[in-house]
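Worth knowing before you read on, the calculation uses all heavy atoms, side chains too, and leaves out hydrogens, waters and symmetry mates. Throughout, a chain's letter reflects where its sequence line sits, starting with A, and its residues are numbered from 1. Please read these numbers as outputs of a predicted model, since none were measured by experiment.
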Amino acid sequence: MAKDKPTKLRARMPRGFADRGPGELVPTRAMLETIRKVYELYGFEALETPFIEYTDALGKFLPDQDRPNEGVFSFQDDDEQWLSLRYDLTAPLARHVAENFDKLPKPFRSYRAGWVFRNEKPGPGRFRQFMQFDADTVGAPTVAADAEICMMMADTLEALGLAGQFVIKVNNRKVLDGVLEAIGLGGDENAGRRLTVLRAIDKFDKVGISGVRDLLGAGRWENPEAKSGDFTKGAGLASSEVDLVLKFINASPQMTGRDSEYLTREQFDEWMATLPEHERGQFLYDERAGWAGSYVNYKTCDMLERAFGSNAKAAEGIKELREIGNLSYFAGYRTDRIRIDPSVVRGLEYYTGPVFEAELTFEVKDEKGRPVRFGSVGGGGRYDGLVGRFRGEAVPATGFSIGVSRLASALSYLNTDAAPEFGPVVVVVMDRDQTAHYMGLVGTLRQAGIRAEMYLGNPKNLGNQFKYADRRNSPCVVIQGSDERANGQVQIKDLIEGAKAAAAITDNAEWRESRPAQFACTEGELVEKVRELLDHHGVPHGAALG
RNA sequence: GCAGCUGUAGCUCAGUUGGUUAGAGCGCCGGUCUGUGGAACCGGAGGUCGGUGGUUCGAGCCCACCCAGCUGUACCA
C-alpha cells in the first residue's frame, strides 16, 4: 500500500448539543448570578443534586416495557437498575426532600441551577441539554407561596433588565379540571381525551381561537384554508362542549395592549359600583398612575366564576386565582406583570393547582429579518403529589423553573451592543534566550491583577505575535528588544488606539514606520502604565475581574 | 414519527444537453518581513462531489434506496 491517507475521524458533536464559548459563557454567568441574588433575597437556599437519578424516582416508566420512557437518556447500572439523566430539576428536588424529610426545615425553600437532558428532537432554541434555574417551596400549602413565586419571577426578570417586556401568566389546574368535568370528561376513563383537550388549549398561542376550535372538534389541518398538509386528529367534542372550553379560554377582558387596565376615575367608580360591598375595599384608585390595581385579574376571575363557578373544583381554583391576584396587587404587581390567563396549561402531568408561565412580550428579528418569538422562558406551578410519591402523605410544594439557555439567547438579542470580551496583555518574544525575563514581566503583571501571558507560539515573526494579540482582542502588547532591555525599558503598544489610527494609514511602510499608539516606559513603570491604559479603555483588571 | 426543502473545500456558492485532471471568492497556513497588527503581492494545504447500488462507453449531473441537515408538524413527564 502506498501512502494511503489515514482515515480521518470526523470531528462532530451530537445534534441537539452545543459548545459554548466565552461569548455565551460570560453573559450567562452574569445572568445566573443575578438570578441567584434575587432568589437569595427571597430567602431561598442553595441545593445541588446529581445529574443522574434512578429512573423510577424521576417518575416515568412505561408500564408495558422494561425500558424507561423515550425522551429520557437512560442506561442500566451494573446491578441492572435503570438510571436516567434528569430531565428537570423538580423531580430530583422531590426525591431530595423525601429522602431528607426529617432533617429539613419546613417549609423548605431552595433553589438550584443545573443542566437537564431530554432525548427529543432538537429544534431552533431547543436543545437536548439545557440549563434550568429553579426555586421551590416545599411544605407550604398556602396560596401565598404560589403568589410569592410569581412575584419573585417578576422581580428576577426585572433584575435581568426585562422590565415591561414580560408577563407572568397564571392559571389553575383545578379550574381546568373543573371545566373538563363540566363537559363530561371527568374520571380515569377519559384521561386520554382530557390530555387531547389540554393540548388543544395549550396551542392557543400558536394556532389561535379557530385552531383550538378545530382541535377540540374533529381536527385541524396544517393549512386550515386549503385543508392540506398534516392533519391533527381532534378531541372530538360536541360543539356545545367546544363552546364551553372556548368560553373558558376567552374568560379574560379583551385586551389590546395594556390600556384596558388604565381607567379614568369615572370608569373606576362605575366599575366599583358593580362590585359587592365587601369586595370594594380591595381596590383603590391611584390618581397619579391612573390605574386600578388588579382590575383585569378581577374581571377574569369574575367571568370564570359566572361560567364555571357551579363546579366545586373550578370554584376552588378560581378562589385561589383571586387570592393570587389580590396578593400580587397588594404587593404592588399590576396585571401587566402578573396576569391571570386561562389559556395557560403547562406541564401536563404533575401540577395540581396554580400553574405559571413566564412569557417575553417583545419581538425581535433574526439575521434574515424574520420575527423570532421567544415565548415561554420559564414555568412552574403547584405539585402537591410529587414528594408524596415517596411518602405515605401528600406534601404540598410549589416552584418555578427558568429556562436559562433560552432566556440567555433572548437577552443576547436585546444586548446587541454587548462589549467585546478583552483578552490578556501579551508580552511578545523578541529574543528567544530571554524567555525567563519575559516570563518575569508577565509575572509582574499577573501579581498586579492584570491578565497577562507570554506568546508561546513560534516567535520568529514579530508580526505573527501581533496578529495573535489582535485575535485575542488584547488591549495592548508589551515589547522588549535588546535596545529596550539595555535601557531597562519596555515598549507598550496600545492595540485599541492603534486600530483606530490604522484606519487612516493605507501604506504598509508608513504603517510600520509610524508605530501608532506605542510608547516606552521603564520596567518599573510597567504595571502603572498598563493599568492606565486598561482603565482608559475600560478593560477590567484586579478586583474588577471578579 | 409525518411532510417539504437542501446536501460540491473550513464558510458562501459556481459547475453547460451526462464528456478529459471538479472551480471561484472568502477564510486558513507559509513567504516577501528575526523590530511592528491592517493593506498588497507570491506560494501552499485543504474534496470519499452526503452514502450505497443502478442506468451508461462515460455520472457531481439521470434513477432507486439510505443517511444527514434545515423548516414545519406531532410528541415534549
Side-chain angles (χ1 to χ4, degrees), chain A residues 4-5 7-8 10-12 14-16 55-62 68-72 84 86-88 90-91 94 116-124 126-128 130 195-196 199 202-203 206-207 211 215 219-223 228-233 345-351 368 370 376 379 383 385-386 426 428-433 457-474 476-485 491-518:
Chain A
D4 254 43
K5 221 176 357 180
T7 51
K8 271 184 302 189
R10 194 150 74 95
R12 62 203 184 112
R15 82 197 148 116
T55 302
D56 58 3
L58 294 180
K60 276 293 165 179
F61 227 103
L62 288 183
N69 206 345
E70 48 183 289
V72 186
S84 294
R86 64 190 181 189
Y87 54 77
D88 70 13
T90 310
V116 300
F117 304 84
R118 295 190 185 177
N119 194 3
E120 292 162 0
K121 183 195 162 186
R126 295 176 66 89
F127 294 90
R128 294 204 287 176
F130 56 98
L195 214 59
T196 312
R199 281 174 193 153
D202 202 28
K203 293 214 172 17
K206 201 181 282 181
V207 301
L215 285 170
R220 179 174 183 270
W221 292 96
E222 193 179 331
N223 306 305
S228 64
D230 266 18
F231 182 74
T232 310
K233 198 174 183 315
V345 174
R346 215 43 222 172
L348 305 167
E349 200 74 11
Y350 53 62
Y351 292 117
K368 292 172 185 163
R370 296 185 305 189
S376 166
Y383 50 99
L386 251 193
V426 173
V428 300
V429 176
M430 300 214 55
D431 302 303
R432 293 170 198 247
D433 57 356
N458 184 350
K460 187 176 76 169
N461 265 329
L462 194 52
N464 287 346
Q465 306 192 50
F466 286 106
K467 281 181 190 166
Y468 171 78
D470 215 26
R471 188 174 283 191
R472 291 293 304 275
N473 201 23
S474 297
C476 67
V477 293
V478 174
I479 310 156
Q480 187 183 58
S482 50
D483 297 350
E484 286 87 1
R485 195 163 41 252
Q491 296 275 345
I492 298 173
K493 187 178 180 65
D494 184 337
L495 294 179
I496 299 169
E497 210 58 54
K500 291 180 196 161
I505 303 174
T506 53
D507 177 68
N508 185 244
E510 182 192 349
W511 165 264
R512 291 169 178 227
E513 208 52 44
S514 65
R515 298 186 181 179
Q518 185 172 332

**Asked** If you look at every strand shown and take non-hydrogen atoms under 4.0 Å, does A:D88 touch a base, only sugar-phosphate, or nothing?
**Response** nothing
**Message:** Given the structure, check if the side chain of A:R512 and the base of B:C33 hold any donor-acceptor pair shorter than 3.5 Å.
**Reply:** yes
**Asked** OH of A:Y350 versus P of B:C76: gap in Å, rounded?
**Response** 14 Å
**Prompt:** Say you pick atom P in B:U21 and the same atom in B:C61; how far apart are they, in whole Å?
**Reply:** 15 Å
**Item:** Rounded distance in Å between the P positions of B:A9 and B:A24
**Value:** 14 Å
**Prompt:** Which atoms form the tightest heavy-atom contact between A:V477 and A:F466, and what is the distance?
**Reply:** CG2-CE2, 3.2 Å
**Message:** Please determine whether side-chain contact (heavy atoms from CB on, under 4.5 Å) holds for the pair A:Q491 and A:V478, giving the CA-CA distance in whole Å, both sets of side-chain angles, and the decisive distance to 0.1 Å.
**Reply:** CA-CA 6 Å; A:Q491 296 275 345; A:V478 174; over 6 Å; no
**Request:** For B:C62 and B:C70, measure between their C1' atoms and round to the nearest Å.
**Result:** 26 Å
**Gap in Å between the two C1' atoms, one belonging to B:U34 and one to B:A39, rounded** = 22 Å
**Request:** Please state the C1' separation for the pair B:G15 and B:G1 - nearest whole angstrom.
**Result:** 37 Å
**Item:** Nucleotide forming a Watson-Crick or wobble pair with B:G25, both distances under 3.5 Å
**Value:** B:C11
**Prompt:** Is A:Q518 touching bases, backbone alone, or none of the nucleic acid, heavy atoms closer than 4.0 Å?
**Reply:** base
**Prompt:** Which part of the nucleic acid, if any, lies within reach of A:T196 when heavy atoms closer than 4.0 Å are counted: base, sugar-phosphate only, or nothing?
**Reply:** nothing
**Request:** Could you tell me whether A:N119 contacts a base, only the sugar-phosphate backbone, or nothing, with contacts defined as non-hydrogen atoms closer than 4.0 Å?
**Result:** nothing
**Message:** Using atom C1' in both nucleotides, what's the gap between B:A3 and B:G44 to the nearest angstrom?
**Reply:** 46 Å
**Prompt:** Has A:N461 got a side-chain N or O lying under 4.0 Å from the OP1 or OP2 atom of B:U34?
**Reply:** yes
**Message:** Could you tell me how far apart A:Q465 (CD) and B:G38 (P) are, to the nearest whole angstrom?
**Reply:** 13 Å
**Request:** Give a yes/no answer on whether the side chain of A:K460 brings an N or O atom under 4.0 Å of OP1 or OP2 in B:G31.
**Result:** yes
**Item:** Watson-Crick or G-U wobble mate for B:G4, both contacts under 3.5 Å
**Value:** B:C70
**Complete:** Between A:P459 and A:K493, whichever has its closest RNA chain B nucleotide further toward 5' is A:P459
**Message:** Without decimals, in angstroms, what is the distance between A:R118 CZ and B:C76 P?
**Reply:** 11 Å
**Asked** OP1 or OP2 of B:A74 sitting under 4.0 Å from any side-chain N/O of A:R126?
**Response** no
**Request:** Considering just the side-chain nitrogens and oxygens of A:K233, establish if one lies under 4.0 Å of OP1 or OP2 belonging to B:C2.
**Result:** no
**Asked** When we call it a touch if two heavy atoms are under 4.0 Å apart, what does A:A469 touch: a base, just sugar-phosphate, or nothing?
**Response** nothing
**Request:** Using Watson-Crick or G-U wobble geometry with both distances below 3.5 Å, tell me the partner of B:C62, or none.
**Result:** B:G54
**Request:** Could you grab the distance from atom CD1 of A:I492 to atom CD of A:Q518, nearest 0.5 Å is fine?
**Result:** 10.0 Å
**Minimum heavy-atom distance A:N119-A:R128, with the two atoms named** = OD1-NH1, 2.9 Å
**Asked** Are A:W511 and B:G37 stacked, counting the six-membered base ring, centres under 5.5 Å, planes under 30°?
**Response** no
**Request:** May I ask you to verify if any side-chain N or O of A:K121 is less than 4.0 angstrom from the OP1 or OP2 atom of B:C2?
**Result:** no
**Fill in**
Picking from B:A77, B:G37, B:G35, the nucleotide nearest the side-chain atoms of A:M430 would be B:G35
**Message:** For a quick check of understanding: with a heavy-atom distance under 4.0 Å over all strands, which category does A:E484 fall into, base, sugar-phosphate or nothing?
**Reply:** base
**Message:** Is the phosphate of B:U34 approached by A:N464 (side-chain N or O, under 4.0 Å from OP1 or OP2)?
**Reply:** no
**Protein-nucleotide distance (A:K467, atom NZ; B:U34, atom C1'), rounded to Å** = 15 Å
**Message:** Using atom C1' in both nucleotides, what's the gap between B:G7 and B:G43 to the nearest angstrom?
**Reply:** 32 Å
**Prompt:** How far does the P atom of B:C28 sit from the matching atom of B:G38, given to the nearest Å?
**Reply:** 10 Å
**Message:** Categorize A:R471 for me: base, sugar-phosphate, or nothing, with a 4.0 angstrom heavy-atom threshold over every strand shown.
**Reply:** sugar-phosphate
**Message:** For A:V72 and A:R118: C-alpha separation, side-chain torsions, deciding distance, then whether side-chain contact (heavy atoms from CB on, under 4.5 Å) applies.
**Reply:** CA-CA 6 Å; A:V72 186; A:R118 295 190 185 177; over 6 Å; no
**Request:** State whether A:R199 places a side-chain N or O below 4.0 Å from either non-bridging phosphate oxygen (OP1 or OP2) of B:C76.
**Result:** yes
**Complete:** Of the candidates B:G35, B:G37, B:A77, the side chain of A:F466 sits closest to B:G37
**Side-chain-base donor-acceptor pair under 3.5 Å for A:K206 and B:U73** = no
